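Right, one structure below, let's go through it.
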Amino acid sequence: MAGSGRLTREFFARDAIVVAPELLNLVLVGRGAAGRIVEAEAYGGELDAASHAYRGATRRNATMFGPPGHLYVYFTYGMHHCANVVCGPEGVARAVLIRALAPLRGLGAMRRRRGGHLSDVELCSGPAKLCQALGIDRADDGADLVSGGGLALVDDATPPPADPRCGRRVGLSARTGEAAVHPWRFAVPGDPNVSAAGWALE
DNA sequence: GGGGGGATTCGG
DNA sequence: CGAATCCCCCCG
């Protein structure tokens with residue numbers, strides 16, 4: 001294994017489809033809490049009808065076109081935030097959506113931000129849930145995960161699974177056409193924070 | 001300047 | 001299964 005600590009900018013500068021399975025088991029730290037990434041999806045920019053960057057740069061997706069290793073946060077359905085790790089070289093819009101975390105530390109803070117009396121698995125088992133649990137919103141769009149202060153992505157020497165679960169991405173509308181069939185969703189096999197549904201490859 | 005849709009979640 | 005409920009994008 002390659003030691004522990006912060007990751008390099010070069011780690012994120014590769015294509016999202018390469019980085020996505022390697023994000024599994026890395027730890028997202030911040031806001032008095034931490035969670036291990038157990039589910040992630042790659043998005044392929046202008047080549048991918050399901051990507052926010054499919055039709056080029058806009059104010060909303062600008063962070064995806066910036067340098068790798070930053071966080072692209074977007075607001076959706078009028079009430080939810082989702083967080084992506086920007087990949088690829090600067091100017092190339094690639095990203096990996098973080099879909100689930102295994103809570104590691106600060107479960108009290110997570111539970112307070114999520115509200116209600118939730119089980120551990122209910123805290124971060126979804127892309128909008130984990131943002132709420134860590135207090136991530138649009139103000140965090142562009143945050144630097146490599147050298148920033150508030151949020152960081154670190155390697156705690158837990159390697160990614162040798163046999164990650166792979167399947168279709170979640171929640172894509174029929175309009176995205178064949179982009180929906182790509183097996184660009186990855187997860188840690190057997191982790192209870194990963195939803196069981198939607199893994200069909202055909 | 002207006003309307004439709006969205007990488008979701010939760011409750012009925 | 002529909003509501004919640006905002007931002008962005010496209011079209012006129």
Side-chain angles (χ1 to χ4, degrees), chain A residues 12 15-17 19-21 23-24 28 35 37-66 70-88 92-101 103 110-143 145 164-187 192-201:
Chain A
F12 299 105
D15 200 271
I17 193 63
V19 174
L23 287 188
L24 297 178
L28 184 59
I37 296 176
V38 292
E39 184 178 353
E41 284 178 355
Y43 283 85
E46 76 284 0
L47 306 176
D48 180 3
S51 170
H52 290 170
Y54 184 54
R55 291 181 170 81
T58 65
R59 188 166 77 249
R60 174 209 207 187
N61 65 26
T63 298
M64 260 199 287
F65 289 84
H70 291 247
L71 202 62
Y72 165 53
V73 180
Y74 66 89
F75 185 80
T76 191
Y77 293 104
M79 53 196 315
H80 295 302
H81 298 272
C82 293
N84 304 254
V85 179
V86 175
C87 298
V92 176
R94 298 290 184 273
V96 179
L97 173 68
I98 305 174
R99 289 200 56 89
L101 302 177
M110 289 182 178
R111 199 163 271 117
R112 185 163 58 250
R113 284 185 286 248
R114 289 274 291 127
H117 301 275
L118 301 176
S119 70
D120 291 1
V121 159
E122 289 171 306
L123 292 175
C124 297
S125 54
K129 294 180 190 177
L130 68 92
C131 282
Q132 187 178 31
L134 290 185
I136 293 171
D137 60 24
R138 260 189 79 77
D140 298 301
D141 184 39
L145 299 170
R165 193 163 191 198
C166 305
R168 285 187 181 199
R169 295 175 293 179
V170 176
L172 307 187
S173 73
R175 249 198 57 270
T176 58
E178 65 182 42
V181 308
H182 295 307
W184 290 349
R185 176 189 183 198
F186 302 91
N193 297 280
V194 176
S195 69
W199 289 96
L201 275 176

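Given the structure is predicted, the values throughout are model-derived calculations rather than measurements. In what follows, every chain begins at residue 1, and chains take the letters A, B, ... in the order their sequences are listed.
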So what does [X] touch, heavy atoms closer than 4.0 Å: a base, only the sugar-phosphate, or nothing?
X: A:A50; answer: base
X: A:R114; answer: sugar-phosphate
X: A:R138; answer: sugar-phosphate
X: A:N61; answer: nothing

Between [X] (side chain only) and [Y] (backbone N and O only), is there a donor and an acceptor less than 3.5 Å apart?
X: A:R99; Y: A:R169; result: no
X: A:E41; Y: A:V170; result: yes
X: A:N61; Y: A:G56; result: yes
X: A:D140; Y: A:D137; result: yes

Read 5' to 3' with Watson-Crick or G-U pairs under 3.5 Å, [ ] for crossing pairs and | for partners on another strand, DNA chain C gives ||||.||||||.
To the nearest Å, how far apart are [X] [atom1] and [N] [atom2]?
X: A:E122; N: B:dT8; atom1: CD; atom2: P; result: 18 Å
X: A:M79; N: C:dA3; atom1: CE; atom2: C1'; result: 9 Å
X: A:H80; N: C:dA3; atom1: NE2; atom2: C1'; result: 11 Å
X: A:F186; N: B:dA7; atom1: CZ; atom2: P; result: 19 Å
X: A:R55; N: B:dG6; atom1: CZ; atom2: P; result: 11 Å
X: A:F75; N: B:dG5; atom1: CZ; atom2: P; result: 19 Å
X: A:L130; N: B:dT9; atom1: CG; atom2: C1'; result: 13 Å

Qualifying residues under ring pair (Phe, Tyr, Trp, His ring centres under 6.0 Å), relative to A:F75, sequence neighbours excluded: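 If we apply the ring pair (Phe, Tyr, Trp, His ring centres under 6.0 Å) test to A:F75, skipping adjacent residues, the hits are A:H81.
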Please state whether the phosphate of B:dA7, meaning OP1 or OP2, lies under 4.0 angstrom from any side-chain nitrogen or oxygen of A:H52.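 Indeed, a polar side-chain atom of A:H52 lies that close.
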Do A:R168's NZ or CZ and the ring of A:W184 fall within the cation-pi criteria of under 6.0 Å and 45°?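 Ring-cation test returns no.
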Kindly confirm or rule out a cation-pi arrangement of A:R60 over A:Y72, judged by NZ or CZ under 6.0 Å from the six-membered ring centre and within 45° of its axis?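 No, A:R60 does not lie over the aromatic ring of A:Y72.
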Any side-chain donor paired with an acceptor under 3.5 Å for A:R114 and A:Q132?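 Yes.
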Close residues, residues 37-47 of chain A, relative to DNA chain C [heavy-atom separation under 4.0 Å]: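 Those residues: none at all.
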Sticking with atom C1', work out how far B:dG5 lies from C:dG2, rounded to a whole angstrom.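 My reading of the C1' atoms in B:dG5 and C:dG2 gives 16 Å.
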Inter-nucleotide P distance (C:dT5, B:dG2), Å rounded: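 Their P atoms lie roughly 22 Å apart.
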